[in-house]
Amino acid sequence: MLERINGPQDIKELNREELEILASEIRRFLIEKISATGGHLASNLGVVELTMAMYLTFDLPKDKIIWDVGHQAYTHKILSGRKDYFDDLRQYGGLSGFPKTKESPCDCFDTGHSSTSISAGLGMAQARDILGEDYSVVSIIGDGALTGGMAYEALNNAAQIKKNFIIVLNDNNMSISENVGGISQYLGGIRTGSGYNDLKKNVTSILEKIPVAGPRIIDKISRTKQGIKQLLIPGMLFEDMGIIYLGPVDGHDLKKLRRVLQEAKRLDQAVLVHVITQKGKGYAPAERNPARFHGVEPFDIETGKPKVKKENPSYTDIFSRKLCQLAQERTDIVAVTAAMPDGTGLKKFASLYPERFFDVGIAEQHAVTSAAGMAAAGLKPVVAVYSSFLQRGYDQILHDVCIQNLPVVFAIDRAGLVGSDGETHQGIFDLSFMTSIPNMSVLAPKNLWELRRDMEFAMDYCGPVAIRYPRGEAYRGLKEFCEPIVYGKGEMIFEEDGLALLAVGSMVSTAEHIREKMKAEGYHVTLANGRFIKPVDFQLVDRLAGNHEFVVTLEENVLQGGFGLEVTAYIHERYPQVKVLNVALPDAYVEHGNVSLLREGLGIDSDSIIRKIKNRFFYKEPCGGGEQALLSSKAI
């Protein structure tokens with residue numbers, strides 16, 4: 001059946017039996033392809049029938065479907081005609097793991113972060129009505145995304161729309177990990193409360209047997225059923241807000257899904273369709289452990305185990321172990337995560353110190369301000385968060401933490417290039433926006449030993465401090481250079497003359513490789529570790545600029561607002577004779593791909609930087625590369 005699917009209308013040519021076969025084939029296809037490339041598996045296996053029902057009910061690309069986050073959109077990509085591109089899923093130059101408007105007309109809105117689809121869909125529906133156009137708008141959002149406040153801001157406004165707008169709630173009791181909080185309990189009550197649906201089914205069945213009058217009575221009851229719902233379903237949150245509620249419906253029953261979507265399509269107001277799905281459905285390892293199979297590296301299908309075993313600890317592992325050690329010594333340390341206990345390394349902390357662990361759901365703004373409240377009351381909160389998600393809490397960092405100079409520690413994971421998830425997940429802006437905030441201090445460890453020292457320093461520091469570290473294996477080199485952390489001080493690792501490399505964070509290891517290669521060619525190269533991005537160690541900069549003709553700054557962050565430009569401004573003002581080269585990422589959005597390929601294409605790998613140094617300071621040689629190819633075409 002899958003061979004017959006080459007465009008969005010093809011599914012409508014299949015009969016009921018063929019549709020059942022197609023669902024099985026899609027699941028097998030997803031398991032085979034993702035086992036080879038890696039990607040988001042469990043969430044996609046859970047929405048196969050839901051996506052099929054959407055395609056059978058609506059007319060794409062005329063009708064608009066907005067996927068919240070978008071990591072559950074693989075079946076959508078298959079049905080829209082992109083199945084032949086899955087061999088290169090999330091690879092450089094290949095199919096994106098998220099909806100992309102430039103990839104297909106069936107992708108009407110770029111997504112990647114959570115709790116956004118209702119806002120985007122409502123805006124699209126409002127534009128449709130103002131322009132007098134006629135198409136359906138459907139926003140699909142998971143129950144995990146309903147822990148994010150932006151979703152409620154949108155629901156509050158959706159009640160005012162006077163034309164059709166459909167919200168599909170994909171409820172699998174999960175975000176990445178198991179859901180938390182009041183909304184999860186509320187939806188759990190709806191899932192298990194069968195009274196309303198049983199009554200509706202029984203009454204309808206009886207009335208249908210009454211000749212002539214039966215259908216009219218059913219219609220009358222349907223118009224007044226809100227009162228019955230209020231009695232039999234606790235709270236009725238959505239209808240109380242003015243949004244028609246339909247469901248819950250089995251998200252793996254194609255017939256029921258099509259029927260409820262058709263009903264939703266007829267209503268001239270906002271309507272929420274509550275769909276119950278199973279994350280990981282159809283693949284036993286993913287059903288047993290949906291959190292582990294949310295985002296996976298290539299794996300063995302038979303066992304579900306990763307094909308490549310991790311030999312060395314990651315920065316996340318080091319952070320996790322050190323935090324647990326520090327928490328054993330200090331009872332005031334608490335940890336906060338926004339629905340990412342596994343990804344940020346807080347799962348072990350949660351098991352050891354459950355009373356000091358807080359998972360706030362997909363709510364980074366609340367995470368930051370609640371941490372500020374804890375700090376104001378005498379605790380030492382650690383907010384562990386991915387760089388790209390911390391962007392959502394910028395105002396709270398500025399307003400609630402830093403104005404009061406509160407001792408909140410931000411453990412910024414996935415800082416720098418993260419690879420396969422692309423533009424929405426690259427952690428390449430945090431240095432720029434964090435260093436712009438007064439009272440904030442920012443460190444970047446060069447290796448695993450320095451991360452441990454940074455955490456010890458942060459726990460004793462009396463103001464806001466951020467530690468940013470990359471995804472993946474922690475660097476084990478330069479172990480012998482591990483001085484105690486002194487506020488605002490970097491370190492001189494190797495001192496010579498002529499050319500000085502001043503690097504921060506992950507780029508220190510790159511600078512070490514540059515030095516080794518250039519020394520083999522006869523160059524004299526100094527290597528310094530900035531360590532603090534804010535405040536910059538200007539005494540170290542004075543030492544470098546006073547004794548070297550050439551200075552190179554290296555950081556894995558966009559150039560604008562970063563470490564290098566601040567150093568350059570300082571040198572140019574005081575040492576106009578010194579030539580400076582900034583190595584940083586371009587001020588653009590970076591596409592998905594293997595991190596090594598991205599670094600090479602963007603010119604921040606050791607060989608590319610050496611070519612830049614020689615071209616800038618010594619002599620010209622071909623640069624190679626092709627940096628623009630890795631940037632978003634929109635940014636270009």
Side-chain angles (χ1 to χ4, degrees), residues 36-39 85-98 100-103 110 112 297-298 308 386-388 414-432 444 468-473 475 501 503-514 516-518 552-565 581-616 620-636:
T37 64
Y85 301 102
F86 269 77
D87 286 336
D88 295 320
L89 177 68
R90 307 196 324 149
Q91 309 300 307
Y92 167 55
L95 192 69
S96 170
F98 297 89
K100 287 284 181 286
T101 53
K102 63 187 179 186
E103 196 175 273
D110 286 3
E297 298 300 320
V308 179
Y386 288 5
S387 170
S388 63
R414 286 5 181 223
L417 297 170
V418 299
S420 301
D421 285 332
E423 298 133 305
T424 57
H425 285 62
Q426 309 285 13
I428 59 178
F429 304 104
D430 59 88
L431 289 188
S432 300
R468 59 113 62 176
Y469 44 91
R471 181 181 188 177
E473 185 177 313
Y475 187 56
L501 305 176
V504 290
S506 62
M507 294 303 289
V508 175
S509 63
T510 302
E512 182 189 14
H513 298 147
I514 292 169
E516 291 170 353
K517 292 176 180 179
M518 293 193 72
V552 181
T553 67
L554 302 94
E555 63 192 301
E556 197 169 340
N557 188 80
V558 295
L559 179 65
Q560 194 64 39
F563 173 78
L565 289 188
L581 171 65
N582 298 133
V583 174
L585 295 168
D587 294 323
Y589 299 105
V590 178
E591 293 279 11
H592 56 276
N594 174 273
V595 171
S596 295
L597 285 174
L598 293 178
R599 287 173 63 87
E600 182 179 349
L602 293 166
I604 65 166
D605 65 303
S606 59
D607 289 338
S608 298
I609 295 170
I610 289 171
R611 285 195 295 268
K612 290 180 179 180
I613 291 171
K614 291 177 178 178
N615 285 335
R616 177 76 167 82
K620 299 292 183 182
E621 67 173 40
C623 282
E627 299 177 13
Q628 292 295 322
L630 290 161
L631 308 182
S632 165
S633 60
K634 288 185 177 179
I636 293 170

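Note that the coordinates shown come from a computational prediction; the quantities given were computed from them, not determined experimentally.
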State, to 0.1 Å, how close Leu95 and Tyr85 come at their nearest heavy-atom pair, and which atoms those are.
CB-O, 3.7 Å
Kindly write out the residues that satisfy ring-ring contact (aromatic ring centres under 6.0 Å, His included) with Phe98, not counting sequence neighbours, or none if the list is empty.
His40, His425
Where at least one partner belongs to residues 552-561, residue pairs that pass salt bridge (Lys or Arg N to Asp or Glu O under 4.0 Å), sequence neighbours excluded:
Glu556-Arg599
Please enumerate all residues that pass side chain to side chain contact (heavy atoms under 4.5 Å, CB included) together with Leu559, with sequence neighbours excluded.
Leu565, Asn582, Ala584, Asp587
Check: Arg414 and Asp421 side chains under 4.5 Å, non-hydrogen atoms
no
Using the salt bridge (charged side-chain N to carboxylate O under 4.0 Å, His left out) criterion, which residues pair with Glu103? Sequence neighbours excluded.
Lys77, Arg82
Does a side-chain heavy-atom distance below 4.5 Å link Arg90 with Thr37?
no
Tell me if a side-chain donor or acceptor on Glu423 pairs with a main-chain N or O of Val590 at a distance below 3.5 Å.
no
Drop me the distance from Ile610's CD1 to Met518's CE, to the nearest 0.5 angstrom.
6.0 Å
For Ser432, which residues count as a side chain to side chain contact (heavy atoms under 4.5 Å, CB included) partner, sequence neighbours excluded?
Asn557, Val558
Who pairs with Ala444 by side chain to side chain contact (heavy atoms under 4.5 Å, CB included), at least two apart in sequence or on another chain?
Arg468, Ile533
Taking only residues two or more places apart in sequence or in another chain, which ones pass side chain to side chain contact (heavy atoms under 4.5 Å, CB included) with Asn594?
Ser596, Leu597
Minimal non-hydrogen separation, Gly419 against Leu598, with atom names:
CA-CD1, 3.9 Å
Measure the CG-NE2 distance between Leu417 and His592 for me, rounded to the nearest 0.5 Å.
14.0 Å
List the atom of Ser509, the atom of Ser506, and the distance in Å for their closest heavy-atom pair.
OG-O, 3.0 Å
Partners passing side-chain hydrogen bond (donor to acceptor under 3.5 Å, both in side chains) against Thr424 (at least two apart in sequence or in another chain):
none
For the residue pair Phe429 and Ala588, what are the closest heavy atoms and their distance?
CZ-O, 4.2 Å
Only counting residues at least two apart or in another chain, list the ones meeting salt bridge (charged side-chain N to carboxylate O under 4.0 Å, His left out) with Asp605.
none
Residue pair Gly564 / Thr553: nearest heavy atoms and the distance that separates them
CA-OG1, 3.4 Å
Kindly indicate whether the side chain of Ile604, heavy atoms from C-beta on, has any atom under 4.5 Å from the side chain of Thr510.
no
May I ask you to say whether Glu591 pairs ionically with Lys102, meaning some side-chain N is under 4.0 Å from a carboxylate O?
yes
Calculate, to the nearest 0.5 Å, the distance between atoms CG and CD belonging to Leu602 and Gln426 respectively.
8.5 Å
Note: Ser387 and Ala415 closest approach over all heavy atoms is CB-CA, 4.0 Å
Determine yes or no for a side-chain-to-main-chain donor-acceptor pair under 3.5 angstrom, with Glu516 supplying the side chain and Ile514 the backbone.
no
Lys612 (side chain) donor-acceptor with Val583 (main chain) under 3.5 angstrom
no
Could you pull out all residues at least two apart from Ser420 that satisfy side-chain hydrogen bond (donor to acceptor under 3.5 Å, both in side chains)?
none
For Asp88, the side-chain hydrogen bond (donor to acceptor under 3.5 Å, both in side chains) test, sequence neighbours excluded, returns none
Ser606: which of His513, Lys517, Glu512, Arg611 passes side-chain hydrogen bond (donor to acceptor under 3.5 Å, both in side chains)
Lys517
